[in-house]
**Student:** 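Right, I'll just put the structure down here and ask away after.
We use all heavy atoms of the structure for the numbers below, so side chains are in, but hydrogens, waters and symmetry mates are not.
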Amino acid sequence: MTLNTLEKITLCISGLTAIGIGGMIMLSPHVFYASYGIILGENPSLLSELRAPAAGLTTLGILMLLGIWRSALAQLAVASTLIVFLAFPAGRFIGLAVDGIPSSGIIGALLLEIAIAALCLFAFRKRLVGGSIKP
């Protein structure tokens with residue numbers, strides 16, 4: 001699958017964002033969550049539950065970047081980008097509806113995620129036909 005320039009830029013932004021967030025949570029969860037006003041404590045079970053999906057997010061970010069240079073991975077990279085950056089804001093909207101309004105840092109993250117989701121939908125719009133990604 002051949003990607004155009006906008007698609008490559010979108011995968012780059014998405015991949016670097018996913019690696020940045022996932023990597024920070026994996027390596028420094030206390031620092032990352034403190035930036036949102038969340039104090040984690042030292043519960044190993046909680047920290048494990050945070051680090052595990054962070055590793056997945058980091059791995060998906062790497063896949064997004066690899067899709068820029070390896071055409072065999074491009075379709076998977078596009079699908080991963082759409083899944084991650086549509087699911088994050090969806091989850092946050094559910095949280096808003098069920099839990100109420102979070103900190104301003106979380107709202108800021110939601111706005112960034114919406115912006116990336118919109119970029120993804122725009123960049124990959126021609127590939128999104130009938131719910132599937134076309135090569």
**Student:** OG1 of Thr2 to CD of Glu7: how many Å apart, nearest 0.5 Å?
**Tutor:**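 Rounded to the nearest 0.5 Å, the OG1-CD separation comes out at 9.5 Å.
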**Student:** Tell me whether Leu82 shares a hydrophobic cluster with Ile62, the cluster being built from Ile, Leu, Val, Met, Phe, Trp, Tyr side chains joined at under 4.5 Å.
**Tutor:** yes
**Student:** In the structure I gave you, are the side-chain heavy atoms of Phe32 and Ile21 within less than 4.5 Å of one another anywhere?
**Tutor:**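 Yes - at least one pair of side-chain heavy atoms lies under 4.5 Å apart.
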**Student:** Kindly say whether Ala54 contributes a backbone atom to a donor-acceptor pair with the side chain of Thr58 at under 3.5 angstrom?
**Tutor:**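 Yes; judged by distance alone, with no hydrogens or angles, the pair exists.
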**Student:** Contact between Ile107 and Leu96 at the side-chain level, heavy atoms closer than 4.5 Å - yes or no?
**Tutor:**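 The answer is yes, as the side chains (C-beta and beyond) meet within the 4.5 Å cut-off.
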**Student:** Working to the nearest 0.5 angstrom, can you tell me the gap between Leu111 CG and Ile106 CD1?
**Tutor:**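 Interatomic distance, Leu111 CG to Ile106 CD1, rounded to 0.5 Å: 11.5 Å.
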**Student:** Hey, does Lys8 have a side-chain heavy atom less than 4.5 Å from the side chain of Trp69?
**Tutor:** no
**Student:** side-chain contact (heavy atoms from CB on, under 4.5 Å) for Leu40 and Leu50? Distances and angles first, verdict last.
**Tutor:** CA-CA 10 Å; Leu40 295 179; Leu50 295 173; 3.7 Å; yes
**Student:** What are the two closest heavy atoms between Thr10 and Ala123, and how far apart are they?
**Tutor:** OG1-CB, 3.2 Å
**Student:** Identify whether NZ of Lys or CZ of Arg in Arg125 sits under 6.0 Å from the centre of the six-membered ring of Phe122 and within 45° of that ring's axis.
**Tutor:**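 Yes - Arg125 lies over the ring of Phe122, closer than 6.0 Å to its centre and within 45° of its axis.
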**Student:** Distance check, rounded to the nearest 0.5 Å: Ile68 atom CD1 versus Leu63 atom CG?
**Tutor:** 10.5 Å
**Student:** What's the spacing between Asp99 CG and Arg92 CZ if we round to 0.5 Å?
**Tutor:**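 Reported to 0.5 Å precision, the distance equals 12.0 Å.
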**Student:** Checking side-chain contact (heavy atoms from CB on, under 4.5 Å) between Leu11 and each of Leu6, Leu16, Leu3, which is the one that passes?
**Tutor:**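 Filter result, single survivor: Leu3.
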**Student:** I need the minimum non-hydrogen distance between Tyr36 and Gly105, along with the two atoms involved.
**Tutor:** CE2-O, 3.2 Å
**Student:** Taking the side chain as everything from C-beta on, heavy atoms only, tell me whether Ser80 gets closer than 4.5 Å to Ile83.
**Tutor:**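 The answer is no, as the side chains (C-beta and beyond) never meet within the 4.5 Å cut-off.
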**Student:** With hydrophobic residues grouped by side-chain heavy-atom distances under 4.5 Å, do Leu73 and Ile9 end up in a single group?
**Tutor:** yes
**Student:** State whether the side chain of His30 and the backbone N or O of Ile39 hold a donor-acceptor pair below 3.5 Å, judged by distance alone.
**Tutor:** no
**Student:** Which distance, rounded to the nearest 0.5 Å, do you find between the OG of Ser14 and the CG of Leu60?
**Tutor:** 11.5 Å
**Student:** Val78 and Met1: side-chain contact (heavy atoms from CB on, under 4.5 Å), yes or no, with the steps?
**Tutor:** CA-CA 10 Å; Val78 169; Met1 173 163 127; 3.6 Å; yes
**Student:** I need the minimum non-hydrogen distance between Gly67 and Ala77, along with the two atoms involved.
**Tutor:** CA-CB, 3.6 Å
**Student:** Take Phe88 and Ile116, measure what side-chain contact (heavy atoms from CB on, under 4.5 Å) needs, and give me the verdict at the end.
**Tutor:** CA-CA 10 Å; Phe88 266 80; Ile116 294 174; over 6 Å; no
**Student:** Which atoms form the tightest heavy-atom contact between Gly22 and Leu57, and what is the distance?
**Tutor:**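 Taking Gly22 first and Leu57 second, the nearest heavy atoms are N-CD2, 3.8 Å.
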**Student:** Is there a path of hydrophobic side-chain contacts, each under 4.5 Å between heavy atoms of I, L, V, M, F, W or Y residues, that connects Phe93 with Leu121?
**Tutor:** no
**Student:** Indicate the atoms forming the closest heavy-atom contact of Pro89 with Ala117, along with that distance.
**Tutor:**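 That would be CG-CB, 4.3 Å.
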**Student:** A side-chain contact here means heavy atoms from C-beta on lying under 4.5 Å apart; do Leu119 and Phe85 qualify?
**Tutor:**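 Leu119 does not reach Phe85 side chain to side chain.
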**Student:** Answer yes if Ile38 and Val31 sit in the same cluster of Ile, Leu, Val, Met, Phe, Trp and Tyr residues linked by side chain heavy atoms under 4.5 Å apart, and no otherwise.
**Tutor:** yes
**Student:** Report the distance from atom CG of Leu47 to atom CD1 of Ile25, rounding to the nearest 0.5 Å.
**Tutor:**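 Going from CG on Leu47 over to CD1 on Ile25, the span is 11.5 Å.
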**Student:** Would a hydrophobic clustering, with Ile, Leu, Val, Met, Phe, Trp and Tyr connected at side-chain separations under 4.5 Å, put Ile114 with Ile13?
**Tutor:**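 Ile114 does not cluster with Ile13.
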